Number of protein chains: 2
Amino acid sequence: MKKITIGEAARRSGVKVPTVRYYESIGLLAAPSRSEGNQRSFEPADISRLAFIRHARELGFEIEAIRTLLTLQDDPHQSCASADAIAKARLVEVEQRIRSLTALKAELETMVEGCGHGRVDQCRVIEVLADHGQCTHSHH
Amino acid sequence: MKKITIGEAARRSGVKVPTVRYYESIGLLAAPSRSEGNQRSFEPADISRLAFIRHARELGFEIEAIRTLLTLQDDPHQSCASADAIAKARLVEVEQRIRSLTALKAELETMVEGCGHGRVDQCRVIEVLADHGQCTHSHH
DNA sequence: CTACATCCTCTAGCGACTAGAGGTGCAAGA
DNA sequence: TCTTGCACCTCTAGTCGCTAGAGGATGTAG
């Protein structure tokens, strides 16, 4: 088995080099063995783990959630109820975020459309920001 | 004119007390005058400025963008082209974010629906995370 | 006069990295 | 063999926009 350097691991997993070291430092990835010259030497399993983490991060899971998901993955006989709960919670968050961003989008569109491209004192962008009562955006 | 304490300013603007101090510290809000006992004394104009900042933050504008918007507001004879550009850029960001979150939502739904609520080795949540090839989510 | 809320400054912490300094290892070409 | 130059190492500090807490001063109501 040939040694996988950190650069190679980064390339294969899509996680940046300093981020790989960071994940090791917070215990998300086991410390790999070292070469004679003290350089990290990764196993193929580490690459899979890094790819797992990367994908989960892309889906917006927090590090602590990923930590839980990884311990579940490490023991395949456990119930997947926790994994399911984590994914469902994330789904709810994402749905909420989409709703709120859609409201923001509408407000920004009103602002941009209303801008006459003249002077600031006629600009709807500034006006709407200054007077919350004018906007359609509701809170909490 | 009666003095407005920081607590009162916070209540009226909807910005929290430590955040008001923070905005002052980064120069987003001018340092107000002080009482004999060294307590901040705000003017009504400060409340409007805080409300402006709060609303802009709720719309997701970054502090530096708000700084620009505030200098524009301070000089109403300027062209509003910058304000328009900032708002448009933010709109593009929001639209992009909505698109990406919608893709995430679809992927999370697939994961959650596919979970048979059994053991981890049959769980689609873990499986999809481990093998990116199985998912519908595309990047960049 | 005494409680007690509110105010003050200052430092440190959050999450998830990212950047930079200052140094070592290693492989390939001359 | 030497040298070039990239990739690697550790460590600290910075990013953003706050938030929390310590430790103390002020202001107000009873």
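Proteins get letters first, then strands, A, B, ... in listed order; numbering begins at 1 in each. Remember, predicted model here, so these are calculated numbers, not experimental data.
In this structure, A:I63 atom CD1 and C:dC14 atom P are separated by 14 Å, rounded to whole Å. A straight line from NZ of A:K3 to C1' of C:dG25 spans 10 Å, rounded to a whole angstrom. Atom pair A:L50:CG and C:dC17:P shows a separation of 12 Å (rounding to whole Å applied). To the nearest angstrom, C1' of C:dC14 lies 12 Å from CD of A:E64.
For CD of A:E93, the number of neighbouring non-hydrogen atoms (other residues, nucleotides, ligands) closer than 6.0 Å is greater than 12.
Position along DNA chain C of the nearest nucleotide to A:I53 versus A:Q39 favours A:I53 as the more 5'-ward residue. Taking the nucleotide of DNA chain D with the nearest heavy atom to each of A:R40 and B:N38, the more 5' of the two is matched to A:R40.
The stretch residues 10-22 of chain A touches DNA chain D through A:R21, each having a heavy atom within less than 4.0 Å of the strand.
In this structure, B:K105 pairs ionically with B:E109, as a charged nitrogen and a carboxylate oxygen lie closer than 4.0 Å. Ion pairing between a basic and an acidic side chain is recognised when a charged N comes within 4.0 Å of a carboxylate O; B:R49 and B:D74 show such pairing.
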Without placing hydrogens or testing angles, list every side-chain donor-acceptor pair under 3.5 Å for residues 20-30 of chain B, not counting sequence neighbours.
from  : atom 1 : to    : atom 2 : distance (Å)
B:E24 : OE1    : B:R40 : NE     : 2.6
B:S25 : OG     : B:Y22 : O      : 2.7

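Note on A:Y23: a side-chain N or O is less than 4.0 Å away from OP1 or OP2 of C:dC17. Not one side-chain nitrogen or oxygen of A:R34 sits closer than 4.0 Å to the OP1 or OP2 atom of C:dG25. One finds a side-chain N or O of A:S35 lying less than 4.0 angstrom from the OP1 or OP2 phosphate oxygen of C:dC26.
Although no hydrogens or angles enter the test, the distance criterion places no donor-acceptor pair under 3.5 Å between the side chain of A:R97 and the main chain of A:L101. The closest donor-acceptor contact from the side chain of A:T19 to the backbone of A:V15 lies at 3.5 Å or more, if one exists at all. Formation of a donor-acceptor pair under 3.5 Å by the A:D46 side chain with backbone atoms of A:E43 is found in this model. A distance-only check finds a donor-acceptor pair linking the side chain of B:R90 to the backbone of B:L59 [under 3.5 Å].
Atom CD1 in B:I86 sits 10.5 Å away from atom CD in B:E62 (nearest 0.5 Å).
Using a 4.0 Å heavy-atom distance criterion, A:E36 is classed as making no nucleic acid contact. If you check every strand for non-hydrogen atoms under 4.0 Å, B:F61 touches nothing.
Close approach of DNA chain D to chain B, defined as any atom under 4.0 Å from a non-hydrogen atom of the protein, starts and stops at D:dG17 to D:dG27.
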